[in-house]
There are 2 protein chains.
Amino acid sequence: MNRKMPVKRVRTKQKRLSADDRRSEFVTKATELFAEEGFGGGTRALARKLGVTQPLLYRYFPSKDDLIKEVYRKVYLEPLEIGWEKLLSDRSRPLRARLQEFYEVYTDAIFNRRWLRIYLYSGLKGLDINRWYVGMVKDKILTRILRECRHDAGLATQSRPSAAELELAWVFHGGIFYYGVRKYIYEAPVLEDKAQMISDALDIFLAGFERMAESATDRRRAPIQVVG
Amino acid sequence: MNRKMPVKRVRTKQKRLSADDRRSEFVTKATELFAEEGFGGGTRALARKLGVTQPLLYRYFPSKDDLIKEVYRKVYLEPLEIGWEKLLSDRSRPLRARLQEFYEVYTDAIFNRRWLRIYLYSGLKGLDINRWYVGMVKDKILTRILRECRHDAGLATQSRPSAAELELAWVFHGGIFYYGVRKYIYEAPVLEDKAQMISDALDIFLAGFERMAESATDRRRAPIQVVG
DNA sequence: GGCTCAGTTTATCGAGCGATCACCAGAGAT
DNA sequence: ATCTCTGGTGATCGCTCGATAAACTGAGCC
């Protein structure tokens with residue numbers, strides 16, 4: 001990745017990085033800065049984090065907006081490296097185990113202060129990339145989960161999930177997501193065992209899906225059942 | 001509320017409002033502005049929305065921060081006017097009906113672009129008032145809901161809910177909250193029937209609580225039950 | 001050694017920000 | 001008609017912002 005770099009690391013305070021290194025250092029530190037301050041964070045504060053002067057930024061990015069776009073790309077695309085599809089669709093494993101592992105891995109990737117804050121800030125700006133991400137969650141995660149659930153319950157696999165199913169999945173997904181928001185944005189006390197939280201949420205989601213599947217196949221079922 | 005105001009509304013472009021009116025107009029329009037632009041929104045843009053000049057703001061608020069605090073007060077305290085406690089605790093009505101109505105009323109109050117955006121912006125700033133609100137949701141809503149659930153299920157009413165129960169309630173609450181975020185922040189398509197969404201979410205929450213209650217009273221119960 | 005070129009700095013611009021002060025103007029009281 | 005009190009304006013300050021242009025510097029090459 002680096003260019004040819006002599007081993008002798010001169011000085012404790014090295015300057016003069018290679019162009020590639022400096023550029024990625026800008027993106028990394030900008031992610032940290034914008035996560036904390038929002039995208040209103042100043043270019044001078046960013047330069048201070050790198051120990052360089054502010055105009056240097058403009059040797060690497062034509063404008064601050066271009067830097068921001070680069071931050072988006074990094075933040076949104078980074079957690080997508082995991083092999084989601086195959087994890088969720090591997091029918092040689094029990095459905096529940098797949099869902100449990102998927103959400104553990106997925107939340108490992110996005111449940112951190114940096115990712116969540118950048119995500120919320122960009123969501124508030126209403127950018128296209130945010131809409132794209134939400135669509136991606138719907139198509140690549142929730143729709144796939146629902147398809148697997150239908151298959152597991154012995155129901156016909158339809159190409160697109162019903163609106164009610166999708167909403168059920170969204171509420172489940174949102175409930176898990178909000179755990180991360182409470183912990184890393186609000187910094188409120190949460191149940192520390194994340195895997196346990198996922199397991200509990202999965203229990204009630206799967207039970208809910210089961211019920212919905214039953215009510216779809218057996219129309220004579222009793223109306224809503226109340227606790228107790 | 002207004003001072004004595006002559007009926008004759010001179011001109012189409014009236015200026016010279018009473019101090020009370022002007023002040024509250026500043027707060028109202030500031031709420032709109034900050035909801036869209038974040039709290040970085042400018043005082044000049046605000047003044048333009050009122051059709052006045054920028055320095056006038058400082059006749060009514062010592063600083064922009066004081067204006068922001070006023071906006072917080074209005075946004076956070078407004079939806080609290082509803083009689084939550086009595087609604088949730090009225091045991092003459094079925095639990096499920098109470099929960100359904102509460103969440104319909106609660107989401108009527110907070111599911112709008114202004115409230116949600118101000119809430120998220122203030123959450124990202126990590127202000128005390130946000131932590132206070134989260135604590136309030138926990139103490140005044142979730143804890144109360146869990147107490148009613150326990151009573152309804154014939155369980156002993158303990159003063160404080162268990163961490164697992166509370167987390168279950170949070171995931172449920174967060175799932176509903178995230179519906180509002182998807183609709184008004186992400187502007188993504190959602191199941192339009194909000195009451196139906198609440199009803200479905202309640203179904204699976206109550207079923208989940210029921211299961212948890214069973215597992216607490218009957219330790220010999222089978223392990224997690226998988227769909228299908 | 002001296003040339004070169006790329007990474008970096010110094011100086012600065014114009015615009016927008018929050019905030020202040022002196023002044024203006026119009027409705028109500030006398 | 002004039003006074004007064006107060007809501008509102010015009011001009012401006014000091015500062016920070018993103019961005020530009022020119023000058024500097026040091027490692028690699030001849």
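Distance CZ (B:Arg48) to P (D:dT9): 14 Å, rounded to an integer number of Å. Here C:dT8 presents its P atom at 12 Å from CG of A:Leu57, a figure rounded to the nearest Å. In this structure, A:Glu37 atom CD and D:dT16 atom P are separated by 15 Å, rounded to whole Å. Atom OH in A:Tyr58 sits roughly 19 Å away from atom P in C:dG7 (whole-Å rounding). At whole-Å resolution of the value, CZ in A:Arg59 and P in C:dC5 are 14 Å apart. In this structure, the CG atom of B:Asp21 is 15 Å from the C1' atom of D:dG8, given to the nearest Å. D:dG18 atom P lies 14 Å from atom CZ of A:Phe39, rounded to whole Å. Atom P of nucleotide C:dC17 and atom CZ of B:Phe34 are separated by 12 Å, given to the nearest angstrom.
For C:dA6, the base has a donor-acceptor partner in the side chain of A:Arg16 [N/O atoms by modelled type, under 3.5 angstrom].
Heavy-atom nearest nucleotides on DNA chain C were determined for A:Leu56 and for B:Ser63, and the one closer to the 5' end corresponds to A:Leu56. The nearest heavy atom of DNA chain D to B:Gln54 and to A:Arg44 marks one nucleotide each, and the one closer to the 5' end goes with B:Gln54.
Between A:Arg22 and the phosphate of C:dT8, there is a side-chain N or O to OP1/OP2 separation shorter than 4.0 Å. Remark: A:Thr53 is not in phosphate contact with C:dT8, judged by side-chain N or O atoms under 4.0 Å from OP1 or OP2. Contact check, B:Tyr60 against D:dG8: a side-chain N or O comes under 4.0 Å of OP1 or OP2.
For the pair B:Lys125 and B:Phe39, the cation sits on the ring face: its NZ or CZ lies under 6.0 Å from the ring centre, inside 45° of the axis.
A distance of 10.0 Å separates CD1 of A:Ile198 from CD of A:Gln196, quoted to the nearest 0.5 Å.
Here B:His173 and B:Tyr103 bring their ring centres to under 6.0 angstrom of each other. In this structure, B:Tyr121 has its ring center at least 6.0 angstrom away from the ring center of A:Tyr121.
Ring planes of A:Tyr133 and A:Tyr119: perpendicular class, angle over 60° (limits at 30 and 60°).
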